[in-house]
Amino acid sequence: MQKFKRIAAMLGVIFLIGIYAVTLILGLTASPAAQNMLMASIVCTVVIPVLLYAMMLVARVLGHSEEEPPAENEKKKKSSSDEKKKINH
C-alpha cells in the first residue's frame, strides 16, 4: 500500500507540473483558441489540487471511523452517558 501511495503521489506531482507548464506555454502564445485553453488551464490549476485535498480529507475521516470496532463505540457511549448521570446528580 505504501508503494502505491508513493507512485500515486509522483504521478500527481508530474500531472500538476504538466498543468503549470501548459498554463505558461498558453499564456505566451497569441492564438485565439489559446485564450480559452489558458482559462481552462488556470481553473484546473486551482480546482484539481483542491479536489485532491478534499478527497484525502474524506478518505482520512472514513478510514478512521472504520478502524474502530462497533463494540468499543458502545462502551464509549455507555461511559459518556454514565459520566453525564454523575454530573447531573
Side-chain angles (χ1 to χ4, degrees):
M1 188 64 166
Q2 195 73 333
K3 202 174 207 181
F4 173 74
K5 287 181 181 180
R6 286 184 183 177
I7 292 171
M10 285 303 291
L11 289 174
V13 167
I14 291 169
F15 183 70
L16 287 174
I17 290 172
I19 289 175
Y20 298 143
V22 167
T23 303
L24 177 67
I25 292 168
L26 289 173
L28 297 175
T29 60
S31 72
Q35 184 176 5
N36 291 334
M37 289 188 289
L38 174 64
M39 294 311 253
S41 180
I42 290 172
V43 169
C44 287
T45 300
V46 174
V47 170
I48 290 175
V50 169
L51 287 176
L52 290 174
Y53 182 71
M55 288 188 327
M56 287 187 327
L57 285 177
V58 168
R60 187 178 307 150
V61 168
L62 293 178
H64 285 298
S65 65
E66 293 176 4
E67 289 177 5
E68 195 172 24
E72 289 183 14
N73 286 335
E74 294 294 326
K75 289 178 186 177
K76 286 182 180 179
K77 287 179 186 176
K78 287 180 183 177
S79 65
S80 65
S81 64
D82 290 340
E83 290 175 9
K84 289 178 184 177
K85 287 178 184 177
K86 289 178 184 177
I87 292 172
N88 290 336
H89 288 23

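Just the heavy atoms: all of them, side chains too, but no hydrogens, waters or symmetry mates, feed the values below.
Annotation for Met55: hydrophobic cluster partners, listed by chain and number, are Phe15, Leu16, Ile19, Tyr20, Ile48, Leu52 (ILVMFWY side-chain heavy atoms under 4.5 Å, direct or chained). Cluster note: Ile7 groups with Leu11 through ILVMFWY side-chain heavy atoms spaced under 4.5 Å, whether in direct contact or through intervening members. Other members of a hydrophobic cluster containing Val50 are absent, since no ILVMFWY side chain comes under 4.5 Å of it, directly or through relayed contacts.
Between Pro49 and Cys44 the shortest heavy-atom distance is CD-O, 3.7 Å.
Ser41 places no side-chain N or O within 3.5 Å of a backbone atom of Met37 that could act as its donor or acceptor partner.
Linking Ile, Leu, Val, Met, Phe, Trp and Tyr whenever their side-chain heavy atoms come within less than 4.5 Å puts Leu51 and Val43 in one cluster.
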